[in-house]
Student: 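Before anything else, here's the structure in question.
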Amino acid sequence: MHPGPDLNITRLLENWRNGDEQALSELIPLVYAELRTVASRHMRRENPNHTLQTTALVHEVYLKMVGADVSLQNRVHFFAVAAKMIRRVLVDHARARLRGKRGSGAIHTSLDHAAVVTPEPAGFLEVNEALTKLAEFDSRKSEIIELLFFGGLTQEEAAQALDIPLRTLEREVKLAKAWLYRELQQKEGS
Amino acid sequence: MTPRQWDRIQELFNLALEQPESERAALLERVCGEDHRIRREVESLLSANERAGDFIEESLRQATISQMELGKLSEADMSRLFVSASNFVWSKY
């Protein structure tokens, strides 16, 4: 539907950034629709595994929707919202799979993919829960982890987009990961 | 844990990482003094840091678009997304 970078998206990102929540509520379905469109196009393509890393997907959608916009603030806001979507989708999917495993309902998925492609739902959901817990007392770190691992920004890109020194970002990531890891270990041990 | 304690923990964690491993214990002994709780917390995070490796990458490695195609977000998901995204504030730094 979008014939290239979309000025409307740029406007919505800017308005959201300036505190207009209506802009955010318009933005979410647009970005989500585009993620789905690009994802299904990839699925139809000749592709040995029919797979694409979600992070590559986010980048492709970014280029399509926002590519011409050079504002770093818009860039980071786009990746923040897309990363949250990816996280949500993966969580929903992992939960559905877990329910399926327990026998309370069949999951519609093709077997050849299910075996190879989905993350181990329990492990993934635990990481997700720990991240939610981290956000309760240090939302900044949780946002950074989302940008990197669900949005697919490199540390350099994230530091640039957030306008902080790379070294600062690296320290944030290091502590966030140590905290998350310990949280998972403690849970395992309890 | 208060925000103040968390700030202190972060500060000491970063400080310790700047030192060679062999000098970290002495450093923490010196700066933590009687505050054993903070010291234990920092030590435990330093140890987790050594072991963490790529555990997040591992848990996400298999995350691909075949799930994206399956996953349709519900209204409730969309609302949660909205709340979470509206908390994303650029001026945090």
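Since the model is a prediction, treat every value here as computed from it, not as a measurement. Proteins come first, then strands; the chains are lettered A, B, ... in the order of their sequence lines, and each starts at number 1.
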Student: Where on S79(B) is there a heavy atom nearer than 4.5 Å to chain A: the side chain, the backbone, both, or neither?
Tutor: neither
Student: Around atom CZ of R37(B), are there more than 12 heavy atoms from other residues, nucleotides or ligands closer than 6.0 Å?
Tutor: no
Student: Taking side chain as everything from C-beta outward and backbone as N, CA, C, O, which of these in R80(B) sits under 4.5 Å from a heavy atom of chain A? Side chain, backbone, both or neither.
Tutor: side chain
Student: Counting C-beta onward and ignoring hydrogens, is there a side-chain heavy-atom pair between W6(B) and L175(A) closer than 4.5 Å?
Tutor: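 Side-chain contact under 4.5 Å: yes.
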Student: Rounded to the nearest 0.5 Å, what separation is found between the OH atom of Y181(A) and the CD1 atom of I56(B)?
Tutor: 12.0 Å
Student: Which heavy atom in A48(B) sits nearest to a heavy atom in A178(A), and how many Å separate them?
Tutor: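 For A48(B) versus A178(A), the nearest heavy atoms are CB-O, 3.4 Å.
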Student: Would a 4.5 Å heavy-atom cut-off, applied to side chains only, mark M78(B) and R88(A) as touching?
Tutor: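 No; the side chains remain at least 4.5 Å from each other.
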Student: So which of L17(B), I9(B), L46(B), N14(B) has the biggest tally of heavy-atom pairs under 4.5 Å with chain A?
Tutor: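 Ranked by contacts with chain A, first place is N14(B).
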Student: Within the distance-only criterion (no hydrogens, no angle test), does the side chain of K177(A) pair as donor or acceptor with the backbone N or O of G53(B) below 3.5 angstrom?
Tutor: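 Yes; at least one donor-acceptor contact below 3.5 Å.
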Student: Please flag which part of I145(A) lies under 4.5 Å from any non-hydrogen atom of chain B: side chain, backbone, both or neither.
Tutor: side chain
Student: Chain B heavy atoms under 4.5 Å from L180(A): which part of the residue, side chain, backbone, both or neither?
Tutor: both
Student: What closest approach, in Å, do S84(B) and E143(A) show between heavy atoms, and which atom pair accounts for it?
Tutor: O-OE2, 4.4 Å
Student: For F82(B) and E21(A), which heavy atoms make the closest approach, and how far apart are they?
Tutor: CE1-O, 3.4 Å
Student: Go through R182(A) and E50(B) one step at a time and tell me if the salt bridge (charged side-chain N to carboxylate O under 4.0 Å, His left out) criterion holds.
Tutor: CA-CA 11 Å; R182(A) 192 184 61 173; E50(B) 297 299 323; over 6 Å; no
Student: Assigning hydrophobic clusters by single linkage (Ile, Leu, Val, Met, Phe, Trp, Tyr; side-chain heavy-atom cutoff under 4.5 Å), is I164(A) placed with L166(A)?
Tutor: no
Student: Looking at E18(B) and R171(A), is there a salt bridge between them, counting it only when a charged N and a carboxylate O are closer than 4.0 Å?
Tutor: yes
Student: About how many Å separate OG of S44(B) and CD of Q186(A), when rounded to the nearest 0.5 Å?
Tutor: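 Reported value, rounded in 0.5 Å steps: 6.5 Å.
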